[in-house]
Structure formats: structure tokens, C-alpha cells
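Worksheet: the structure to be examined is printed underneath.
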Amino acid sequence: MKTPNHPPIESISFTKVLHALSEPNRVKIIRCLFDTHENNCTHYTLQLRLPKSTVSHHIRVMREAGLIQARIVGKEHLYSIRTEEIERKFPGLLDTIAQVRDEDL
């Protein structure tokens with residue numbers, strides 16, 4: 001199984017992160033990750049009632065932007081937020097995302 005690519009924190013740009021967060025379902029996935037800390041695509045498919053292909057696309061966009069990382073366990077990809085690295089690079093960003101109300105997405 002191919003190991004997912006995670007960009008080094010130094011190469012992550014603020015504009016790419018904002019672009020990744022410009023889709024409401026991506027923000028919802030990040031907020032789900034705050035609660036679960038780590039989970040697979042199926043969890044978000046059920047939680048957000050989206051097709052698995054849509055969730056996979058959103059996860060890929062956020063991973064390539066540097067917001068989340070994947071860990072492979074057997075056949076499963078588990079995703080989590082790169083909390084410490086994102087907080088160091090963009091202080092307060094994750095707290096802001098956590099406080100956004102659904103009606104403001």
C-alpha cells in the first residue's frame with residue numbers, strides 16, 4: 001500500500017490552508033477530528049452523509065495542504081490533524097476553526 005505524502009511544515013502556505021478550508025464539509029471534517037482525534041473515511045462518510053469518494057477527495061485536499069496526516073494500520077488509513085505543527089506555524093487557527101458555528105459555514 002502506498003504511503004500518503006505529507007508536505008513538510010515549512011512548505012505549507014497560509015493560502016493553501018485557507019483554500020483547503022474554503023469548503024464547508026472540509027471544516028466539518030476538521031471539527032470531527034477535534035472530537036475523535038483520529039478516524040477513517042468511513043466515519044466521516046457516515047457522520048456527514050456524503051459519498052466516500054467525496055470524503056476521500058476532501059481528505060486528500062486537506063492532506064496536501066498540510067492540515068491533516070494519514071497513518072496506515074493494516075488496510076485502513078487513519079487521519080488526524082497535525083495539531084502541534086499547525087499551531088506552531090499558524091497560532092490560533094485551529095481554535096478559530098473550532099469556534100465557527102455551523103450557520104456561518
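Keep in mind that what you see is a predicted model, and the values were worked out from it rather than measured. Just so you know, residue 1 is the first one in the sequence shown, and it goes up from there.
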[atom1] of [X] to [atom2] of [Y]: how many Å apart, nearest 0.5 Å?
{"X": "K16", "Y": "L67", "atom1": "NZ", "atom2": "CG", "result": "11.5 Å"}
{"X": "Q69", "Y": "H77", "atom1": "CD", "atom2": "NE2", "result": "13.0 Å"}
{"X": "Y79", "Y": "M62", "atom1": "OH", "atom2": "CE", "result": "10.0 Å"}
{"X": "E87", "Y": "R82", "atom1": "CD", "atom2": "CZ", "result": "13.5 Å"}
{"X": "S80", "Y": "H37", "atom1": "OG", "atom2": "NE2", "result": "10.5 Å"}
{"X": "E38", "Y": "I81", "atom1": "CD", "atom2": "CD1", "result": "11.5 Å"}

Is it the case that one hydrophobic cluster holds both [X] and [Y], taking links as side-chain heavy atoms less than 4.5 Å apart, direct or via other members?
{"X": "L18", "Y": "I59", "answer": "yes"}
{"X": "V100", "Y": "L94", "answer": "yes"}
{"X": "V55", "Y": "V61", "answer": "no"}

Original post:
Are any non-hydrogen side-chain atoms of L105 and R31 less than 4.5 angstrom apart?
Top reply: yes

Original post:
Does any non-hydrogen side-chain atom of E85 lie less than 4.5 Å from one of K89?
Top reply: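 Not in contact.
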
Subject >> Passing candidate, side chain to side chain contact (heavy atoms under 4.5 Å, CB included) with I86, options L93, I97, I68 >> reply: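 Among the candidates, only L93 passes.
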
Original post:
Is there any side-chain hydrogen bond (donor to acceptor under 3.5 Å, both in side chains) pair reaching into residues 18-27, and which pairs are they, with sequence neighbours excluded?
Top reply: R26-H58

Check for a donor-acceptor pair, side chain of [X] on one end and backbone N or O of [Y] on the other, with a separation under 3.5 Å.
{"X": "H6", "Y": "A70", "result": "yes"}
{"X": "S56", "Y": "K52", "result": "yes"}
{"X": "T96", "Y": "G92", "result": "yes"}

Which heavy atom in [X] sits nearest to a heavy atom in [Y], and how many Å separate them?
{"X": "S13", "Y": "F90", "value": "C-CZ, 4.0 Å"}
{"X": "L33", "Y": "N39", "value": "CD2-N, 4.3 Å"}
{"X": "P7", "Y": "A65", "value": "CG-C, 4.4 Å"}

Subject >> Carboxylate-amine/guanidinium contact E64 R60, below 4.0 Å >> reply: yes

